[in-house]
J.: 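Have a look at this one before I ask anything.
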Amino acid sequence: MNSAKPNVYVYDTTLRDGTQGEGISFTVSSKVRLAEKLDSFGIDYIEGGWPGSNPRDMAFFEQVRKVKFKHAKVAAFGSTRRAKMAVEEDPQVKLLLDAETPVVTFFGKTWLMHVTEVLRTTGDENLRMIEDTTRYLVDNGREVVYDAEHFFDGFKDNPEFALSTLEAAQRGGASFLTLCDTNGGTLVGEVNDIVSQVVKHFPNTRIGMHCHNDAGLGVAVSLAGVESGATMVQGTMNGYGERIGNANLTTIIPNLSLKMGYPMACSGKIASLRDLSLFTAELANQRHDSKQPYVGASAFVHKGGVHADAVNKVKHSYEHIEPELVGNRTRVVVSDMSGRASIMMKAHEMGLDVESKSPAMKGFLDELKQLEFRGYEYEAADASFKLLVRRYIDGKEDPFTIQNFKLNDEYGEWKDDVTAEATMKVKIGEKIYHVVDEATGPVGALDGALRKALEAVFPQVHDVRLTDFKVRVLDGQKASKAIVRVQIESTDGQNLWGTVGASDDIIEASLEALRDAFLYKIALDLGEG
């Protein structure tokens with residue numbers, strides 16, 4: 001690491017700006033939990049919300065006062081005093097103090113058009129609003145981070161006025177002058193040029209970056225700002241935020257630390273970055289984006305046979321960092337593009353002892369490609385993949401087979417009064433078990449019937465519980481004749497595994513995935529899982 005480079009402060013606004021993203025919402029307790037997690041990761045500043053804007057943010061500030069943070073400083077967010085109002089009399093500014101946070105961040109207008117057309121005031125009054133608010137908060141013992149809203153648009157329109165707004169905040173005693181790309185449309189070259197001019201104009205004041213992703217450049221312009229002299233970077237976990245989102249800290253942080261060599265308080269915790277990203281998505285009730293750089297499930301996945309072969313020999317041939325540095329891992333997805341190297345890596349990843357020169361390998365590879373072509377996918381169905389290896393390479397027969405089954409649905413007087421009945425014949429050894437079971441739905445009835453048949457010989461299947469059930473239509477243009485893929489997640493209380501089935505009949509696909517779930521449990525207990 002280059003010790004000559006300045007320390008970069010990381011300012012997280014997931015709990016405020018992030019919640020402005022469509023579909024993003026945190027409970028008060030979730031906000032507190034995430035703040036604690038961000039603190040333990042080494043984030044420097046945590047923006048908790050806008051006091052007075054909603055009851056949830058007020059409740060957060062009340063609760064977060066009881067939390068003892070090891071490193072992070074919590075910030076309340078607001079705006080300048082109103083035009084033609086004394087700062088001491090502005091109720092919004094008073095609420096910023098009432099939040100009792102060590103840091104207050106507030107924004108002011110940089111773009112003269114906003115001053116005259118939105119605020120409907122003069123440029124001079126706008127400068128007084130910024131300076132008065134900053135000084136009042138500083139005099140009341142707060143560290144102030146000033147966010148210059150629409151700074152880049154304002155600078156391009158009138159650079160002298162834009163710089164004068166920063167000068168007003170500096171005179172008031174702001175600790176950071178943050179340049180906001182509020183519309184998210186500034187390009188990298190523009191940011192390099194403008195930030196360099198700002199840093200030169202304010203040699204003794206720390207400059208920050210607050211960027212949005214509307215042009216797909218939120219991360220790039222944030223990094224460009226740091227390269228040009230900014231020492232604070234603001235953003236959100238997973239890039240949550242209004243419109244397209246804010247600059248994504250889960251991408252910015254590893255780039256700054258691992259690629260660019262900037263020291264940060266969180267540098268020593270980057271190995272837990274993926275965990276933090278997943279934790280944030282869980283609290284926000286969002287599906288984690290598998291395509292995110294560094295932390296996504298697909299960030300270090302190899303599917304093509306040539307790629308997998310190269311990675312198996314020299315990992316960095318197709319991986320720009322070691323995945324473990326950010327808490328991720330290399331994965332191999334087997335598909336109709338897979339080669340022998342892919343299969344070997346996938347088997348090794350799953351702890352299977354497979355001989356690459358086995359005569360059965362070519363047949364297994366051909367079968368696997370046919371199955372993938374018919375709609376099967378084993379990325380989230382490792383148990384089904386292991387069962388394939390068991391059958392085709394190890395030459396082991398399944399301990400049971402389903403001979404046939406029938407399903408009947410019976411509808412009562414009321415819409416929700418439905419009973420599904422499954423009749424099934426299951427062969428175990430030389431004996432055939434003929435069973436019947438009922439449930440409120442066809443999958444439940446099939447599950448119950450298969451359990452009844454198996455429990456007499458394999459009582460361990462009693463512990464198997466379905467935890468997730470997903471159905472995906474693979475070719476919607478074929479309408480009701482489309483192939484559907486069913487993925488099931490199961491547990492026995494200790495282990496968790498995934499299985500898959502595919503067919504143009506959703507019931508058949510479901511039964512395949514259920515069958516594999518029970519087969520895998522039996523294989524586990526035989527020491528073959």
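Side chains are part of it too, since the values below use all heavy atoms of this structure and drop only hydrogens, waters and symmetry mates. All figures in this text were calculated on a predicted structure; none of them were measured in a lab. By convention here, the first residue in the shown sequence is residue 1.
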J.: With the side chain counted from C-beta on, respond yes when L38 and M237 share a heavy-atom pair under 4.5 Å apart, and no when they do not.
T.: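 Yes - at least one pair of side-chain heavy atoms lies under 4.5 Å apart.
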
J.: Considering only distance and modelled atom types, tabulate donor-acceptor pairs under 3.5 Å from the side chains of residues 28-35, sequence neighbours left out.
T.:
from	atom 1	to	atom 2	distance (Å)
S29	OG	T27	OG1	3.2
S30	OG	T27	OG1	2.9
K31	NZ	L15	O	3.2
K31	NZ	G48	O	2.7
K31	NZ	D57	OD1	2.7

J.: Could you note down all residue pairs passing ring pair (Phe, Tyr, Trp, His ring centres under 6.0 Å) where residues 238-260 supplies at least one of them, sequence neighbours left out?
T.: none

J.: Got a sec: does the CZ of R472 have more than 12 other heavy atoms crowding it under 6.0 Å?
T.: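 Counting neighbours around CZ of R472, 12 or fewer heavy atoms of other residues, nucleotides or ligands fall under 6.0 Å, so no.
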
J.: Is it the case that the side chain of T491 and the backbone of N495 share a donor-acceptor pair, with hydrogens and angles ignored and the cut-off at 3.5 Å?
T.: yes

J.: Going from CG on L273 to CG on L325, what distance comes out if it is rounded to the nearest 0.5 angstrom?
T.: 11.0 Å

J.: Name the one of D17, T178, T105 that satisfies side-chain hydrogen bond (donor to acceptor under 3.5 Å, both in side chains) with H210?
T.: D17

J.: Could you tell me which non-hydrogen atom of W50 sits nearest to which non-hydrogen atom of R16, and how far apart they are?
T.: N-CG, 4.0 Å

J.: Are there over 12 heavy-atom neighbours, none belonging to E22, within less than 6.0 Å of that residue's CD?
T.: no

J.: Checking T19 against R56: is there a side-chain donor and acceptor pair closer than 3.5 Å?
T.: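 No - no donor-acceptor pair under 3.5 Å links their side chains.
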
J.: Looking at K94, I want to see if its NZ is surrounded by more than 12 non-hydrogen atoms of other residues, nucleotides or ligands under 6.0 Å.
T.: no

J.: For I270 and P254, which heavy atoms make the closest approach, and how far apart are they?
T.: CD1-CA, 4.4 Å

J.: Do K109 and T80 come close enough that some side-chain heavy atom pair is under 4.5 Å?
T.: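 In short, these two side chains do not touch, never coming nearer than 4.5 Å.
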
J.: Is there a side-chain contact between F151 and I194, using heavy atoms and a 4.5 Å cut-off?
T.: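 Sidechains of I194 and F151: in contact.
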
J.: Less than 4.5 Å apart, any side-chain heavy atom of L166 and any of F155?
T.: no

J.: How long is the gap from OG1 on T165 to CG on L127, to the nearest 0.5 Å?
T.: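 Rounded to the nearest 0.5 Å, the OG1-CG separation comes out at 7.0 Å.
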
J.: Do other residues, nucleotides or ligands put more than 12 heavy atoms under 6.0 Å from the NE2 atom of H71?
T.: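 Count over threshold, so yes.
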
J.: With a 4.5 Å cut-off on side-chain heavy atoms, are V8 and V233 touching?
T.: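 Side chain of V233 against side chain of V8, heavy atoms only: contact under 4.5 Å found.
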
J.: How about Y294 and H320: are their ring centres within less than 6.0 Å of each other?
T.: yes

J.: What verdict does the side-chain hydrogen bond (donor to acceptor under 3.5 Å, both in side chains) test give for T280 and N238, after you've listed the backbone C-alpha separation in whole Å, the side-chain angles of each residue and the deciding distance to 0.1 Å?
T.: CA-CA 8 Å; T280 305; N238 300 326; 4.8 Å; no

J.: Can you establish whether the number of heavy atoms outside E125 located under 6.0 Å from its atom CD is more than 12?
T.: yes

J.: Under 6.0 Å from the CG atom of D139, do we count more than 12 heavy atoms belonging to anything else shown?
T.: yes

J.: Does a donor on one side chain and an acceptor on the other come within less than 3.5 Å for Y136 and E88?
T.: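 Not at all, the side chains of Y136 and E88 share no donor-acceptor pair under 3.5 Å.
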
J.: Side chains of D153 and H114: any donor to acceptor distance under 3.5 Å?
T.: no

J.: Could you walk me through whether N183 and F152 satisfy the side chain to side chain contact (heavy atoms under 4.5 Å, CB included) test, starting with their C-alpha distance in whole Å, then the side-chain angles of each, then the deciding distance to 0.1 Å, before giving a yes or no?
T.: CA-CA 9 Å; N183 284 346; F152 294 94; over 6 Å; no

J.: Give a yes/no verdict on a cation-pi contact between K5 and Y262, requiring under 6.0 Å between NZ or CZ and the six-membered ring centre and an angle within 45° of the axis.
T.: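 Because its charged atom sits under 6.0 Å from the ring centre and within 45° of the axis, K5 does stack over Y262.
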
J.: Identify the two heavy atoms, one from A230 and one from V195, that lie closest to each other, and give their separation to 0.1 Å.
T.: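 Taking A230 first and V195 second, the nearest heavy atoms are N-CG1, 4.3 Å.
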
J.: Identify the heavy atoms of F69 and V74 that sit nearest to each other, and give their distance.
T.: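 Looking at all heavy atoms of both residues, the closest pair is CE1-CG2, 3.4 Å.
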
J.: Any heavy-atom pair between the side chains of C180 and F107 that's under 4.5 Å?
T.: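 In short, these two side chains do not touch, never coming nearer than 4.5 Å.
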
J.: Below 4.5 Å, heavy atoms only, C-beta onward: do F61 and E100 meet side chain to side chain?
T.: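 Side chain of F61 against side chain of E100, heavy atoms only: no contact under 4.5 Å found.
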
J.: Should the ring pair Y45 and F176 be called parallel, tilted or perpendicular, given that the plane angle runs from 0 to 90° and is split at 30 and 60?
T.: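 Perpendicular.
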
J.: Taking the side chain as every heavy atom from C-beta outward, state whether D492 and W497 have any atom pair closer than 4.5 Å.
T.: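 Side chain of D492 against side chain of W497, heavy atoms only: contact under 4.5 Å found.
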
J.: Answer yes or no on whether R206 is positioned over the face of Y9, meaning its NZ or CZ is under 6.0 Å from the six-membered ring centre and within 45° of the axis.
T.: yes

J.: Verify the distance criterion only: is there a donor paired with an acceptor across the side chains of T122 and D124 at less than 3.5 Å?
T.: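 Distance-only check fails for T122 and D124.
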
